[in-house]
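Scroll down for the structure; my scribbles are underneath it.
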Amino acid sequence: AEAAQRIRAKRRAEGLKSIGDEERNDRLYLLPIFGEMPVTKVRPLHIRQALEYARDTGKSGKTLANIRASASVVFEDLWRNEAIAENPAK
């Protein structure tokens, strides 16, 4: 959760328009599934669980793609900074 907040704050400072959607995806779908886990422990399984959770609440395929993209932005940043070995949202 801390990593996502830090990365979202950086993206907000950069003026990205999608940040509100990304934060909503974090809050509603991603953090409830793996928000308390260390980022090094998040696996593709956890991303799938978050997407299944969103799907089960009636979200469309486009929304599911957006949720995955929201997760991928955070994990890509962590991967580039060598905090994790791979991006589990790819």
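Between the side chains of D77 and N81, at least one donor-acceptor pair of N or O atoms lies under 3.5 Å.
Under the 4.5 Å side-chain heavy-atom criterion for Ile, Leu, Val, Met, Phe, Trp and Tyr, L51 and L45 are members of distinct hydrophobic clusters.
Between T40 and A83, the shortest heavy-atom contact is CG2-O, 3.5 Å. Across L64 and R55, no two heavy atoms sit closer than the pair CD2-N, 3.6 Å. Scanning both residues, H46 and I33, for their nearest heavy atoms gives O-CG2, 3.6 Å. P88 and I47 make their closest contact through O-CG1, 3.5 Å (heavy atoms, listed as atom of the first residue, atom of the second, distance). Taking every heavy atom of both residues into account, F75 and I84 meet most closely at O-CD1, 3.4 Å. Residues N25 and S70 share a closest heavy-atom pair of ND2-OG, 2.9 Å.
Here the side chain of S60 pairs a donor or acceptor atom with the backbone of T63 at under 3.5 angstrom. S72 places no side-chain N or O within 3.5 Å of a backbone atom of R68 that could act as its donor or acceptor partner.
Residues satisfying the side chain to side chain contact (heavy atoms under 4.5 Å, CB included) criterion with A3, sequence neighbours excluded, are R6, V39, L78. In this structure, the side chain to side chain contact (heavy atoms under 4.5 Å, CB included) partners of A4, at least two apart in sequence or on a different chain, are D26, V74. For the side chain to side chain contact (heavy atoms under 4.5 Å, CB included) test, residues two or more places apart in sequence or in another chain that qualify with I19 are R8, R11, R12, E22, E23. Residues satisfying the side chain to side chain contact (heavy atoms under 4.5 Å, CB included) test with E76, not counting sequence neighbours, are W79, R80, N87, K90. Here R27 pairs with nothing under the salt bridge (Lys or Arg N to Asp or Glu O under 4.0 Å) rule; sequence neighbours left out.
Here CZ of R24 is found 9.0 Å from CD1 of I67. Values are rounded to the nearest 0.5 Å. Distance check: L28 CG to Y53 OH gives 7.5 Å after rounding to the nearest 0.5 Å.
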- Item | CA sep, side-chain torsions, deciding dist, call: N66, D21, side chain to side chain contact (heavy atoms under 4.5 Å, CB included) | CA-CA 9 Å; N66 290 338; D21 293 334; over 6 Å; no
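The closest side-chain heavy-atom distance from Y29 to T57 is below 4.5 Å.
Listed by first then second residue, pairs satisfying salt bridge (Lys or Arg N to Asp or Glu O under 4.0 Å) with a partner in residues 30-50 number zero, not counting sequence neighbours.
Counting non-hydrogen atoms of neighbouring residues, nucleotides and ligands closer than 6.0 angstrom, the CD atom of E14 exceeds 12 such neighbours.
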